[in-house]
Amino acid sequence: MNQNKQLADLLFPHIEKTPDYYEAKYPQRQLPEGAKVTRFAPSPTGYLHTGALYAAMIPERLAHQSGGVFFLRIEDTDKKRELEGGVMEIINSLKSFDVVFDEGMTGENSENGIYGPYKQSERKEIYQAIAKVLVEKGLAYPCFCSEEDLNEIRAKQEESKQNPGYYGQYAKHRNASFDEVKAELEAGKGFVLRLKSPGKPENRIVIDDLIKGIVEMPENDQDIVLLKSDGIPTYHFAHAVDDHLMRTTHVIRGDEWLSSAPIHVQLFEMLGWEKPRFAHVSPVLKMDGTSKRKLSKRKDPEAAVSYYHEVGYPAESVREYLLNLINSNYEEWRMANPTAPNTEFAVDLSKMGTSGALFDLVKLTDISKDRVALMSADEVYDMTLQWAQQYDAELAEQMKSNEAYTRAILGIERGVEKPRKDIAKWSDVRGYLGYFYDSWFEEYTKEGYEFPGNLPNDDVIAVLDAYKNTYNKADDKDTWFERAKTAAEKLGFARDAKTYKKDKESYKGHIGDFMSVIRVAISGRKNTPDLYELLDIMGEERLKARFDKAIKSI
RNA sequence: GGCCCAUUGGUCAAGCGGUUAAGACACCGCCCUUUCACGGCGGCUACAGGGGUUCGAAUCCCCUAUGGGUCACCA
């Protein structure tokens, strides 16, 4: 016993503070009953991944909908993988999707909150203080094995078909005496600190996971590394220390951690700390040929969260979609509450799928169309412009130099009971209204016009000619249409589709075909918003010019 | 290989021992309509396979198959 104390001092001579000191420094949080304290704890190893956004939204919602605290902790214990500027990248990306923190890192080297530091590389002293006590209690010990030693052990184990690892009889430094340790140290050898695991694999432990349910696993018997040779903790140890001292109540993390949960449970128990609740989230998958795989940064553009900004999906739409993957009943809630902010939806872990969900851009698009359809013309204008200024300067230019015109176009069939759903992302806007701009119209027609099939050119010209003389800007919608129908009839078109269907032989087509000719001539496309409003906004002069241009092209 | 987890239509998924096995997206039809849309209606397709338990199984148990995760001084 005494020897353990001696050993602890030998190993950590500079550590003065005790766990009690930290317990006092980081008091229990005073929060209302049921409030959850959650965190997002990424490594700053690159840009934000869609899966990470997904994984961050869950604890964020859980904390905020329960009146709790959501904080950002940076796990930078692996210096080899760290990337410059990684912290800001994470913060800004999440913020752009309305995932905001109450506490934790706020910049590369700034933070707020009293449970810090929130960057693991700055918590070395804390980990070591806890580790020191573990040594004192005989629950941890230094190991001087080199990489080669470890490889040798593993080779032996593989040969005899035993579980690989550092445990039991293979843990050769486990019971080294104080003098032996001292000798190694004096010989200048570095060490890692290992847990003296009391676990036996024949014992089973039970984890009550909030998503996966009851999971039974063998107890951990590996003398896992607590502190690496540079004195920095491994994930396992850092997780236990941090989440305890930061008073995390719910650990929500990727399910790749589930299999090491026995280690974590054991650590909490050995340290005499109350365990947080665990929730292991399945990854977002992607269809690759006929099989599913994790969304991959290298292969899938949509894996980088920046993708959505680039193509211009509103952040709100992406949130909606992700929420939909998190809890599939989100959709029902949305139908019942079409205009409520999505933060009013209560995320429920028990309703999460236990297997990974497939990421589906088509569904995202659909959801986004619904969202955009509910926006006002001004909102669409502003958000598109903002997007275009960064990603489509030409469009931004057009919008600004034709502002009133553009706003009017965006207002067509918007704000009505059944709004159009043409726009899913801001990059769609260019195609949606590009032909309105005279300087772009050329582009739309340079391949020629696509008039409705099987209509002879003469008829097309006749339609255009007739219509040119019929159009009267002063007409209201009904008069306008009546006039068009009459003109159509004179040229041998049926007034309505029904009449045409009854007797196809007698007509060249029906009013729809007639209108199609006009639509194509004026827009170069077969699909546009309401013609009446469109013509009204374009104005008579433009209309006539475009008709002439079309006739000339035939 | 050991240990975990998963498997309901093309996709997301409800379902927790008795259901005609929801709904949404996609696709296909039809209808509405004064054009384009929106919308409405309908269709299409599913419990991975095999054994049990039970009066009764998508639901519970076992085996098999397939997919995923994990077995580092990485997180």
Side-chain angles (χ1 to χ4, degrees), chain A residues 41-43 45 75-78 80-81 120 143 145-147 150 154 158 161-166 190-194 201 207 209 212-213 215-218 222 224-230 232-236 238-239 253-262 280 282-283 285 287 291-294 321 324-325 327-332 334-335 351 353-360 362-367 373 412-413 416-422 477-478 480-482 484-485 488 495-498 510-516 518-519 523 525-534:
Chain A
S43 304
T45 54
E75 312 222 323
D76 59 342
T77 56
D78 184 7
K80 277 166 269 168
R81 304 200 315 170
Q120 290 184 331
C143 164
C145 283
S146 64
E147 210 179 314
L150 261 16
R154 179 165 307 115
E158 269 164 21
K161 295 221 166 107
Q162 302 208 51
N163 267 343
Y166 201 87
F191 68 92
V192 300
L193 193 75
R194 284 183 185 273
I207 289 163
D209 188 274
K212 307 265 182 191
V215 181
E216 222 183 87
M217 278 183 279
Q222 298 272 341
I224 54 134
V225 172
L226 262 19
L227 257 24
K228 300 184 252 184
S229 51
D230 55 6
I232 288 178
T234 56
Y235 172 87
H236 308 299
H239 149 58
R253 65 199 345 178
D255 72 354
E256 68 269 24
W257 292 110
L258 185 59
S259 49
S260 43
H280 290 96
S282 303
L285 306 175
M287 208 63 196
S291 63
K292 298 175 181 178
R293 47 147 243 260
K294 249 176 153 168
Y321 176 63
N324 187 256
L325 287 187
N327 278 174
S328 70
N329 58 319
Y330 177 80
E331 219 160 2
E332 289 165 37
R334 181 41 99 196
M335 269 189 264
K351 289 195 175 116
T354 45
S355 55
L358 259 200
F359 191 88
D360 185 357
V362 177
K363 180 92 177 183
L364 201 210
T365 298
D366 177 73
I367 286 178
I412 299 176
E413 292 176 274
V416 296
E417 199 185 338
K418 291 172 182 172
R420 297 183 64 89
K421 298 183 179 178
D422 300 287
K477 197 166 178 179
D478 288 337
W480 167 78
F481 205 75
E482 199 46 47
K485 283 203 278 195
R495 284 184 77 85
D496 52 62
K498 265 186 199 154
H510 59 84
I511 183 69
D513 300 315
F514 181 87
M515 285 302 195
S516 249
I518 294 160
R519 169 170 280 122
S523 69
R525 324 167 84 225
K526 282 189 265 196
N527 174 316
T528 71
D530 184 84
L531 251 190
Y532 174 76
E533 289 191 54
L534 188 151

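Proteins get letters first, then strands, A, B, ... in listed order; numbering begins at 1 in each. We use all heavy atoms of the structure for the numbers below, so side chains are in, but hydrogens, waters and symmetry mates are not.
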Is Val225(A) touching bases, backbone alone, or none of the nucleic acid, heavy atoms closer than 4.0 Å? sugar-phosphate

Which part of the nucleic acid does Asp530(A) contact within heavy-atom distance under 4.0 Å: base, sugar-phosphate only, or nothing? base

Give Pro42(A) one of three labels, base, sugar-phosphate or nothing, depending on what nucleic acid heavy atoms sit under 4.0 Å from its own. nothing

Taking all non-hydrogen atoms of both residues, which atom of Thr528(A) and which atom of Arg420(A) are closest, and how far apart? O-NH2, 3.5 Å

Regarding the side chain of Leu150(A), the nearest nucleotide among U7(B), C12(B), C73(B) is C73(B)

Which value, in whole Å, describes the distance between the C1' atoms of nucleotides C63(B) and C30(B)? 49 Å

Pairwise P distance for U53(B) and C16(B), with rounding to whole Å: 24 Å

Can you tell me the pairing partner of U33(B) across any strand shown, Watson-Crick or G-U wobble, with both distances under 3.5 angstrom? none

On a plain distance test, is the side chain of Arg420(A) in donor-acceptor contact with the base of C36(B) below 3.5 Å? yes

Which nucleotide, C5(B), C74(B), C12(B), lies nearest any side-chain atom of Thr234(A)? C74(B)

Which atom names give the shortest non-hydrogen contact between Asn324(A) and Tyr330(A), and what distance separates them? CA-CB, 4.0 Å

Counting Watson-Crick and G-U wobble pairs only, both distances under 3.5 Å, name the nucleotide matched with G1(B), or none. C71(B)

Take the protein atom CD1 of Ile367(A) and the nucleotide atom C1' of A26(B), then report the distance between them rounded to whole Å. 13 Å

Taking only N and O in the side chain of Lys351(A), is any of them less than 4.0 Å away from OP1 or OP2 of A14(B)? no

Tell me which nucleotide among C25(B), C5(B), C74(B) gets nearest to the side chain of Lys212(A). C5(B)

Of the candidate nucleotides A75(B), G23(B), G39(B), which contains the atom at the shortest distance from the side chain of Glu75(A)? A75(B)

Does Arg154(A) pair with Glu147(A) as a salt bridge, N-O distance under 4.0 Å? no

When you measure from the side-chain N and O atoms of Arg194(A) to the phosphate of C73(B), is any distance below 4.0 Å, counting only OP1 and OP2? yes

Distance, C1' atom - from U7(B) to G49(B), rounded to whole angstrom: 12 Å

Minimum-distance nucleotide (side-chain atoms of Arg519(A) versus A13(B), U35(B), A37(B)): U35(B)

Please figure out whether Lys485(A) or Val362(A) has its closest RNA chain B nucleotide nearer the 5' end. Val362(A)

Between Leu364(A) (CG) and A26(B) (C1'), how many Å, whole number? 14 Å

For the pair made of CG in Asn329(A) and C1' in A14(B), what is the distance, rounded to whole Å? 9 Å

How is Glu216(A) classified with respect to the nucleic acid when contacts are heavy atoms under 4.0 Å: base, sugar-phosphate, or nothing? sugar-phosphate

Decide, for C38(B), between syn and anti: a glycosidic angle within 90° of 0 counts as syn, anything else as anti. syn

In terms of heavy-atom contacts, Phe514(A) and Ala484(A) come closest through CE2-O, 3.8 Å

Measure NE2/His236(A) against P/C74(B) and give the value in whole Å, please. 10 Å

State whether the distance check finds a donor on one side and an acceptor on the other, under 3.5 Å, for side chain Ser229(A) versus base C73(B). yes

From CG of Asp255(A) across to C1' of G67(B) the rounded distance in Å is 13 Å

Ignoring the backbone of Asn527(A), work out which of A6(B), A75(B), C36(B) is nearest its side chain. C36(B)

Under 3.5 Å, side chain of Thr77(A) to main-chain N/O of Ile232(A), donor-acceptor pair present? no

C1' atom, G50(B) versus A58(B): distance in rounded Å? 16 Å

Just to be sure I understand the rule, does Pro218(A) reach a base, reach only the sugar-phosphate, or reach nothing, if contact means heavy atoms closer than 4.0 Å? sugar-phosphate

Using atom types as modelled and distance alone, determine if a side-chain donor or acceptor of Ser43(A) lies under 3.5 Å from a backbone N or O of Glu75(A). yes

Pairing nucleotide - C16(B), Watson-Crick or G-U, each distance under 3.5 Å: none

C1' atom, C5(B) versus G18(B): distance in rounded Å? 30 Å

May I ask you to say what Trp257(A) touches in the nucleic acid, namely base, sugar-phosphate or nothing, with a heavy-atom cut-off under 4.0 Å? base

Could you give the distance separating U19(B) and U59(B) at their P atoms, to the nearest angstrom? 13 Å

Gap in Å between the two C1' atoms, one belonging to C44(B) and one to G10(B), rounded: 11 Å

Using a 4.0 Å heavy-atom cut-off, does Thr528(A) contact any base of the nucleic acid, only the sugar-phosphate backbone, or nothing at all? base

Mate of U53(B) where both pairing distances stay under 3.5 Å, Watson-Crick or G-U: none

With rounding to the closest Å, how many angstrom separate the P atoms on U8(B) and C3(B)? 25 Å

Could you check which of C3(B), C38(B), U70(B) has an atom nearest any side-chain atom of Ser259(A)? U70(B)

Side chain to side chain contact (heavy atoms under 4.5 Å, CB included) assessment of Met217(A) paired with Ile207(A): CA-CA 8 Å; Met217(A) 278 183 279; Ile207(A) 289 163; 3.5 Å; yes

With rounding to the nearest 0.5 angstrom, report the CD to OH distance, Gln222(A) to Tyr166(A). 11.5 Å

So does Arg154(A) get a side-chain nitrogen or oxygen closer than 4.0 Å to the phosphate oxygens (OP1/OP2) of A72(B)? yes

For a salt bridge (Lys or Arg N to Asp or Glu O under 4.0 Å) check, start with the C-alpha distance between Glu413(A) and Lys421(A), then their side-chain angles and the critical distance, and finish with the verdict. CA-CA 10 Å; Glu413(A) 292 176 274; Lys421(A) 298 183 179 178; over 6 Å; no

Any salt bridge linking Lys228(A) with Asp230(A)? Criterion: basic side-chain nitrogen under 4.0 Å from a carboxylate oxygen. no

With the side chain defined as heavy atoms from C-beta on, Asp366(A) is closest, among C73(B), C12(B), C25(B), to C25(B)

Between Lys228(A) and C74(B), is there a side-chain N or O to OP1/OP2 distance below 4.0 Å? yes

Let's test this: given Watson-Crick or G-U wobble pairing with both distances under 3.5 Å, identify the partner of G9(B). none

What contact category does Ile511(A) fall into here, base, sugar-phosphate, or nothing, at under 4.0 angstrom with non-hydrogen atoms? nothing

With the side chain defined as heavy atoms from C-beta on, Met217(A) is closest, among G69(B), G39(B), C3(B), to C3(B)

Complementary nucleotide for C27(B) - Watson-Crick or wobble, under 3.5 Å: G43(B)

Starting at CG of Asp230(A) and ending at C1' of C74(B), how long is that distance when rounded to a whole Å? 13 Å

I want to verify a distance call: between A22(B), A75(B), C4(B), whose nearest atom is closest to the Val215(A) side chain? C4(B)

Any Thr77(A) side-chain N or O less than 4.0 Å from OP1/OP2 of A75(B): yes

Atom pair distance, as rounded to whole Å: CE in Met335(A) and P in A14(B): 14 Å

Rounded off to whole Å, could you give me the CD-to-P distance for the Glu147(A) and C74(B) pair? 10 Å

